[in-house]
**Student:** 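Got a structure for you, written out below as structure tokens; questions coming shortly.
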Amino acid sequence: FTKTKLSPMKKITLYLSLLCFLSVKSQTDFGLWSNIAVEKEISKKMEIQLEEELRFNQNVGRLNSLLTEAGFKYKINKYYSLGASYRFTYYTENRFGNRFTLSNQVKYKIEDFTLNYRLNFQTDFSTKDPVEYKIRNKFGVDYKINKRWEIGVSGELFYSFYYNRNRFDRYRLAYGVDYSFKKRHKLSASLMFQQEFNVANPESDVILAFKYKYSLKNKKKK
């Protein structure tokens with residue numbers, strides 16, 4: 001048989017498709033996240049963002065939560081940025097959640113590839129549950145196909161401080177596609193697989209997520 005040489009983009013797509021197939025095979029629940037975001041550049045270094053999100057679980061048969069999040073990001077230089085955000089969550093069983101996040105992100109470009117690492121420090125609390133602290137480590141690789149299309153893969157590891165339990169307790173794998181149309185509009189779709197471990201009765205989920213982001217136009221200086 002004649003060997004077919006695959007381009008780097010085709011190899012990435014093949015590997016990620018295999019990853020998604022294996023994730024779906026392991027699913028215990030299927031969820032859907034739908035997100036709308038608006039961002040505004042305040043200066044060349046700072047931008048703010050507001051997001052609304054609906055999350056469905058139980059094989060997309062039940063609305064689980066409604067999220068509202070606001071935050072900002074400040075670019076220290078072309079490689080490193082800091083951010084902070086607040087999230088309010090309403091759960092359909094009449095429970096509320098609040099989350100504060102401090103984010104650190106590093107990006108490095110190599111031609112059409114972008115390597116990125118994100119370190120988040122989170123505080124989660126609600127009206128019923130005690131405060132929970134998390135450290136989240138996320139590493140990803142994005143590939144820019146052209147001006148409109150981009151694909152990426154990422155992995156994330158969660159470390160929780162809760163009661164007397166301090167341990168890694170969850171990981172998440174994701175494959176995503178971004179499509180930029182016009183100048184300030186972007187659509188994103190991703191397939192995620194997450195699994196708990198080091199806990200009693202660990203849960204696993206496959207999540208399909210969609211996001212629309214609109215960037216507000218900056219006013220021209222007179």
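Only this structure's heavy atoms are used, side chains among them; waters, hydrogens and symmetry mates stay out.
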**Student:** Is the OH atom of Y133 crowded by more than 12 outside heavy atoms at less than 6.0 Å?
**Tutor:**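 12 or below, so no.
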**Student:** Please step through side-chain contact (heavy atoms from CB on, under 4.5 Å) for the pair S188 and F210, ending with a clear verdict.
**Tutor:** CA-CA 6 Å; S188 302; F210 295 99; over 6 Å; no
**Student:** Are any of the side-chain heavy atoms of I36 and E51 separated by less than 4.5 Å?
**Tutor:**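 The answer is no, as the side chains (C-beta and beyond) never meet within the 4.5 Å cut-off.
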**Student:** Give, for atom OH of Y86 and atom CZ of R99, the distance between the pair rounded to the nearest 0.5 Å.
**Tutor:**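 The OH atom of Y86 sits 11.5 Å away from the CZ atom of R99.
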**Student:** Hey, does Q194 have a side-chain heavy atom less than 4.5 Å from the side chain of R170?
**Tutor:**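 R170 reaches Q194 side chain to side chain.
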**Student:** To check you understand the geometry: which heavy-atom pair defines the closest contact between L173 and G155, and what is its length?
**Tutor:**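 Closest pair (atom of L173, atom of G155, distance): CD2-CA, 4.1 Å.
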**Student:** Does atom CD of E203 have more than 12 heavy-atom neighbours, drawn from other residues, nucleotides or ligands, at distances under 6.0 Å?
**Tutor:**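 No, because the 6.0 Å sphere around CD of E203 holds 12 heavy atoms or fewer from other groups.
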**Student:** Just by distance, do the side chain of N77 and the backbone of Y79 share a donor-acceptor pair under 3.5 Å?
**Tutor:**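 Side chain of N77 to backbone of Y79: a pair is present.
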**Student:** If every non-hydrogen atom of L63 is compared with every non-hydrogen atom of R55, which pair is closest and at what distance?
**Tutor:**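 Closest heavy-atom pair between L63 and R55: CD1-O, 3.5 Å.
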**Student:** Between F125 and T123, does the side-chain contact (heavy atoms from CB on, under 4.5 Å) criterion hold? Intermediate values first, please.
**Tutor:** CA-CA 7 Å; F125 60 93; T123 303; 4.2 Å; yes
**Student:** Salt bridge (Lys or Arg N to Asp or Glu O under 4.0 Å) between R136 and E156: does it pass, once the steps are laid out?
**Tutor:** CA-CA 7 Å; R136 297 171 58 170; E156 188 169 16; 2.8 Å; yes
**Student:** Quick one, R87 with E53, criterion salt bridge (Lys or Arg N to Asp or Glu O under 4.0 Å). Give me CA distance, side-chain angles, the key distance, then yes/no.
**Tutor:** CA-CA 11 Å; R87 173 184 289 181; E53 184 170 281; 5.3 Å; no
**Student:** Does the pair F56 and W33 meet the rule for a side-chain contact (heavy atoms from CB on, under 4.5 Å), with working shown?
**Tutor:** CA-CA 6 Å; F56 296 83; W33 296 356; over 6 Å; no
**Student:** To the nearest 0.5 Å, tell me how far K73 NZ sits from E47 CD.
**Tutor:**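 Going from the NZ atom of K73 to the CD atom of E47 covers 4.5 Å.
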**Student:** Hey, quick one: are Y74 and V106 part of the same hydrophobic cluster, counting side-chain heavy atoms closer than 4.5 Å, chains of contacts allowed?
**Tutor:**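 As far as the 4.5 Å side-chain criterion goes, V106 and Y74 are connected within one cluster.
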**Student:** Can you check whether V177 reaches Y179 side chain to side chain, under 4.5 Å on heavy atoms?
**Tutor:**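 Heavy-atom side-chain distance check fails, nothing below 4.5 Å.
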**Student:** Are Y175 and I145 linked, directly or through intermediate hydrophobic residues, by side-chain heavy-atom contacts shorter than 4.5 Å (ILVMFWY only)?
**Tutor:**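 Looking at the clustering, Y175 is in the same group as I145.
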**Student:** Are I48 and I42 packed together at the side-chain level, in the sense that at least one heavy-atom pair is separated by less than 4.5 angstrom?
**Tutor:**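 Result yes, sub-4.5 Å side-chain heavy-atom pair found.
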**Student:** Any chain of hydrophobic side-chain contacts (each under 4.5 Å) joining F197 to F158?
**Tutor:**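 No, F197 and F158 fall in different hydrophobic clusters.
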**Student:** Taking atom CG of L82 as the centre, does the number of heavy atoms from other residues, nucleotides or ligands within less than 6.0 Å exceed 12?
**Tutor:**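 Count over threshold, so yes.
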**Student:** Hey, mind stepping through L119 and F121 against side-chain contact (heavy atoms from CB on, under 4.5 Å) and telling me if it holds?
**Tutor:** CA-CA 7 Å; L119 175 64; F121 300 94; 3.7 Å; yes
**Student:** Is it the case that more than 12 heavy atoms not belonging to K75 sit under 6.0 Å from its NZ atom?
**Tutor:**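 It does not: K75 NZ has 12 such atoms or fewer within range.
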**Student:** Under the salt bridge (Lys or Arg N to Asp or Glu O under 4.0 Å) rule, collect the residues that match up with E150, sequence neighbours excluded.
**Tutor:**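 Scan of E150 (salt bridge (Lys or Arg N to Asp or Glu O under 4.0 Å), adjacent residues dropped) gives none.
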**Student:** Out of curiosity, E39 CD to L50 CG, how far, rounded to the nearest 0.5 Å?
**Tutor:**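 These two atoms lie 11.5 Å from each other.
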**Student:** Y159 vs F161 aromatic rings, parallel, tilted or perpendicular, using cut-offs 30° and 60°?
**Tutor:**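 Perpendicular.
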**Student:** Rounded to the nearest 0.5 Å, what separation is found between the OG atom of S65 and the CZ atom of F96?
**Tutor:**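 Reported to 0.5 Å precision, the distance equals 12.5 Å.
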**Student:** For the NZ atom on K144, are there more than 12 heavy atoms of other groups (residues, nucleotides or ligands in this structure) within a distance under 6.0 Å?
**Tutor:**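 No.
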**Student:** Shortest non-hydrogen contact from N120 to S103?
**Tutor:**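 Here N120 and S103 meet closest at OD1-OG, 2.9 Å.
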**Student:** Can you confirm whether V206 sits close enough to L191 that some side-chain heavy atom of one is under 4.5 Å from a side-chain heavy atom of the other?
**Tutor:**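 Result yes, sub-4.5 Å side-chain heavy-atom pair found.
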**Student:** How long is the gap from CZ on F139 to OG on S154, to the nearest 0.5 Å?
**Tutor:**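 F139 atom CZ to S154 atom OG measures 10.0 Å (nearest 0.5 Å).
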**Student:** Is L32 reachable from L66 through a run of I, L, V, M, F, W or Y residues, each pair having side-chain heavy atoms under 4.5 Å apart?
**Tutor:**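 In one cluster: yes.
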**Student:** Are F193 and S204 close enough that some pair of their side-chain heavy atoms sits under 4.5 Å apart?
**Tutor:**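 They are in contact (side-chain heavy atoms under 4.5 Å apart), so the answer is yes.
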**Student:** Under the 3.5 angstrom rule, does the side chain of N198 hit a backbone N or O of F168 as a donor-acceptor pair?
**Tutor:**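 Between the backbone of F168 and the side chain of N198 there is a qualifying donor-acceptor contact (under 3.5 Å).
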**Student:** Treating Ile, Leu, Val, Met, Phe, Trp and Tyr as nodes and any side-chain heavy-atom pair under 4.5 angstrom as an edge, say whether L187 and Y143 lie in one connected cluster.
**Tutor:**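 Yes, L187 connects to Y143 through the hydrophobic network.
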**Student:** Hey, does Q58 have a side-chain heavy atom less than 4.5 Å from the side chain of V60?
**Tutor:**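 No, side chains not in contact.
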**Student:** Could you grab the distance from atom NE2 of H185 to atom NZ of K213, nearest 0.5 Å is fine?
**Tutor:**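 Reported to 0.5 Å precision, the distance equals 12.5 Å.
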**Student:** How far apart are the closest heavy atoms of P202 and E196, and which atoms are they?
**Tutor:**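 What the structure gives for the nearest pair is CB-O, 3.3 Å.
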**Student:** Which heavy atom of K186 sits nearest to which heavy atom of F181, and what is that distance?
**Tutor:**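 Closest heavy-atom pair between K186 and F181: N-CE2, 4.2 Å.
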**Student:** Please examine the side chains of D124 and N98, heavy atoms only from C-beta on, and report whether any two atoms are closer than 4.5 Å.
**Tutor:**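 Side-chain contact under 4.5 Å: no.
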**Student:** Give a yes or no on whether the backbone of D205 and the side-chain of D29 come within a donor-acceptor separation of less than 3.5 Å.
**Tutor:**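 Pair absent, no side-chain N/O of D29 close to backbone of D205.
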**Student:** Which atom pair, heavy atoms only, marks the closest approach of S160 to D169?
**Tutor:**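 Closest pair (atom of S160, atom of D169, distance): OG-OD2, 2.7 Å.
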**Student:** Residues two or more places apart in sequence or in another chain: which of them pass ring pair (Phe, Tyr, Trp, His ring centres under 6.0 Å) with Y117?
**Tutor:**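 Y117: no ring pair (Phe, Tyr, Trp, His ring centres under 6.0 Å) contacts found.
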**Student:** Do any side-chain atoms of residues 107-116 form donor-acceptor pairs under 3.5 angstrom with protein atoms, and if so which ones, sequence neighbours left out?
**Tutor:**
from, atom 1, to, atom 2, distance (Å)
N116, ND2, D142, OD2, 3.2

**Student:** May I ask you to decide if S180's main-chain N or O and R148's side chain share a donor-acceptor pair within less than 3.5 Å?
**Tutor:**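 Such a contact is found between R148 side chain and S180 backbone.
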